[in-house]
Amino acid sequence: MCSAGRRWGRRQRVLLWGVLLAAWEAAWGQLHYSVPEEMPKGSFVGDVANDLGLQLPALPDHGVRVVSEGRTQYFSLHEKTGHLVTAERIDREQLCRLVEKCVLRCELIVEGEMKVYEVDVEIMDINDNSPTFKDMELEEKISEMTAPGSRFSLPRANDPDSGQNSLQSYELSGDEHFSLAVQTGPGGDQRPELVLAKALDREEAAFHELVLRAIDGGDPTRTGTARIRVTVRDANDNAPVFSQTEYTVRVPEDVPVGSVLVTVTATDADEGLNGHVKYSLKKAMDMASDIFHLDHETGAITLLRSLDFEEGNFYELEVQARDDGDLFDTAKVAITVADINDNVPEISVRSALSEISEDAPSGTVVALLHVHDRDSGANGEVRCSLDGNVPFLLESSQGSYYRVVTARELDREQQSEYNVTVRASDGGWPALQSSRVLALRVLDVNDNAPVFSQERYSA
Ligand SMILES: *[C@@H]1O[C@H](CO)[C@@H](O)[C@H](O)[C@H]1NC(C)=O
């Protein structure tokens with residue numbers, strides 16, 4: 001039986017053995033075979049009987065044996081055929097882990113002839129191992145501010161096969177932000193590096209999934225892969241942005257105190273504190289800061305005290321959104337106060353008669369009135385009228401003045417006293433109205449003496 005002779009730690013030793021073997025070959029006779037690893041038990045290695053010129057029938061009789069040092073017997077002699085065959089499945093990588101040329105040695109002893117033949121069996125590598133990475137999943141954290149061209153070392157793969165069957169190259173697939181560089185170390189080993197080819201932007205892609213592939217040179221090739229997940233670390237490279245450059249709101253003047261009139265919002269694409277937005281009023285008209293309150297966190301603008309259209313119908317605020325890194329944006333807020341019909345028309349009597357003689361001609365002015373409504377638009381448009389069926393007319397004068405005039409001569413005997421109600425109503429919905437009563441007494445003019453048609457009558 002044969003066993004693993006020795007494991008050569010170093011190339012020099014192999015070389016030395018080679019020289020020694022050559023010397024022994026002359027004296028003893030030497031056999032060389034090679035067999036691929038991983039062959040099933042009983043596979044043919046070499047025709048020992050034929051190569052040594054032994055007579056087949058003599059084999060068992062002569063007691064031909066194979067011997068070797070070591071525990072595991074890898075070869076045996078097939079007695080009928082005289083072939084050296086494998087006694088075990090042989091794994092080259094297990095026997096000669098770091099050795100290029102893996103040779104097992106045994107001795108063939110032909111007892112009848114008292115002869116010893118050295119048999120060297122070289123175990124040929126087959127591509128039975130794939131390159132493997134120690135970790136299949138890798139995490140890499142790279143700041144989005146990292147300059148293109150920066151390099152990051154990647155883990156190496158291992159392939160225990162030898163020569164061409166071992167690791168030959170690396171490949172990287174994923175996206176255009178990364179490329180692969182392979183450095184050659186002092187011992188000829190390949191060191192893969194991740195190269196940042198294109199600047200990262202966390203707001204565009206927070207993660208990049210890459211695949212590093214190690215390829216050996218066997219036929220067919222075998223590959224091993226490791227997944228690389230690149231997490232892009234945030235930098236404060238984005239300013240807050242208001243959803244609108246100008247917010248316009250129209251609120252009725254009777255909106256209750258504490259109401260939210262408008263909420264401004266700004267978004268910041270950065271994450272964490274870099275994206276945390278705070279709002280502030282940058283500039284406001286006088287008063288406006290007493291009337292409106294801006295919530296720093298929510299951006300809600302609330303009313304601090306009641307509005308009055310007649311006092312102020314337009315406010316403009318300038319708001320600012322600022323992130324923790326002092327990047328900011330500004331926006332305008334235009335608040336228009338809408339009038340509601342909250343004022344009644346006011347009638348002021350600027351001048352009025354309390355008495356009128358019954359012979360006053362029609363069209364005599366008995367009162368001059370002024371009407372005014374503080375509301376605007378239709379809410380402030382006033383229409384005046386006189387109540388009831390009275391012998392008076394209302395004439396519009398310039399501006400908001402009205403005159404109450406007699407429609408005809410009055411007749412004291414018919415009615416000696418009038419209460420003229422002047423009514424003013426605005427155009428709001430519902431309309432507001434007010435009225436004034438003008439009291440007028442009609443004076444009797446029968447206080448003239450009879451008059452003769454002639455001063456003197458003569459007969
Ligand atoms: C006018 O109003 C006064 C006071 O309200 C009242 O005394 C008088 O009788 C009224 N006159 C007429 C004609 O309605």
Side-chain angles (χ1 to χ4, degrees), residues 251-257 259 291 303 305-313 336-455 457:
V251 293
E253 59 180 327
D254 65 344
V255 66
V257 171
S259 307
I291 304 175
L303 193 61
R305 62 173 182 78
S306 58
L307 290 169
D308 183 1
F309 173 86
E310 288 69 34
E311 183 189 295
N313 59 12
T336 307
V337 180
D339 184 45
I340 64 152
N341 197 16
D342 58 344
N343 289 287
V344 294
E346 285 167 22
I347 304 170
S348 10
V349 180
R350 291 289 151 91
S351 175
L353 301 178
S354 56
E355 305 174 325
I356 183 170
S357 62
E358 57 181 334
D359 64 347
S362 96
T364 302
V365 179
V366 297
L368 180 64
L369 309 174
H370 181 259
V371 292
H372 175 60
D373 189 318
R374 292 179 67 217
D375 293 323
S376 71
N379 293 337
E381 270 168 27
V382 186
R383 287 161 55 90
C384 288
S385 59
L386 299 178
D387 280 7
N389 188 16
V390 287
F392 297 96
L393 290 174
L394 199 61
E395 278 183 357
S396 180
S397 179
Q398 79 260 43
S400 314
Y401 283 90
Y402 290 87
R403 281 189 301 235
V404 181
V405 300
T406 52
R408 51 177 166 81
E409 278 194 9
L410 305 173
D411 184 357
R412 198 193 74 86
E413 279 66 42
Q414 204 176 8
Q415 187 164 356
S416 63
E417 199 179 78
Y418 290 96
N419 286 332
V420 181
T421 303
V422 183
R423 195 169 294 281
S425 60
D426 64 23
W429 183 263
L432 296 177
Q433 52 173 286
S434 64
S435 61
R436 287 291 291 260
V437 177
L438 304 169
L440 199 65
R441 272 191 307 123
V442 182
L443 297 181
D444 183 22
V445 290
N446 198 15
D447 49 358
N448 288 320
V451 176
F452 289 104
S453 59
Q454 283 173 262
E455 274 192 2
Y457 294 85

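Note that ligands are numbered from 1 as they come in the structure, with each ligand's atoms numbered from 1 the same way.
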Looking at atom 5 (O) of ligand 1, is any protein heavy atom nearer than 4.0 Å to it?
no
Any non-hydrogen protein atom less than 4.0 Å away from atom 2 (O) of ligand 1
yes
Salt bridge E253-R374, side-chain N to carboxylate O under 4.0 Å
no
Looking at every non-hydrogen atom in both residues, tell me the closest pair between V405 and V365 and how far apart they are.
CG1-CG2, 3.8 Å
Does a side chain donor of either N343 or D375 reach within less than 3.5 Å of an acceptor in the other side chain?
yes
Name the closest protein heavy atom to atom 14 (O) of ligand 1, giving the residue it belongs to and the distance to 0.1 Å.
N419 ND2, 3.4 Å
Atom 13 (C) of ligand 1 has as its nearest protein heavy atom E417 O, 3.7 Å
Is the ring pair H370/Y401 parallel, tilted or perpendicular, if the boundaries are 30 and 60 degrees?
tilted
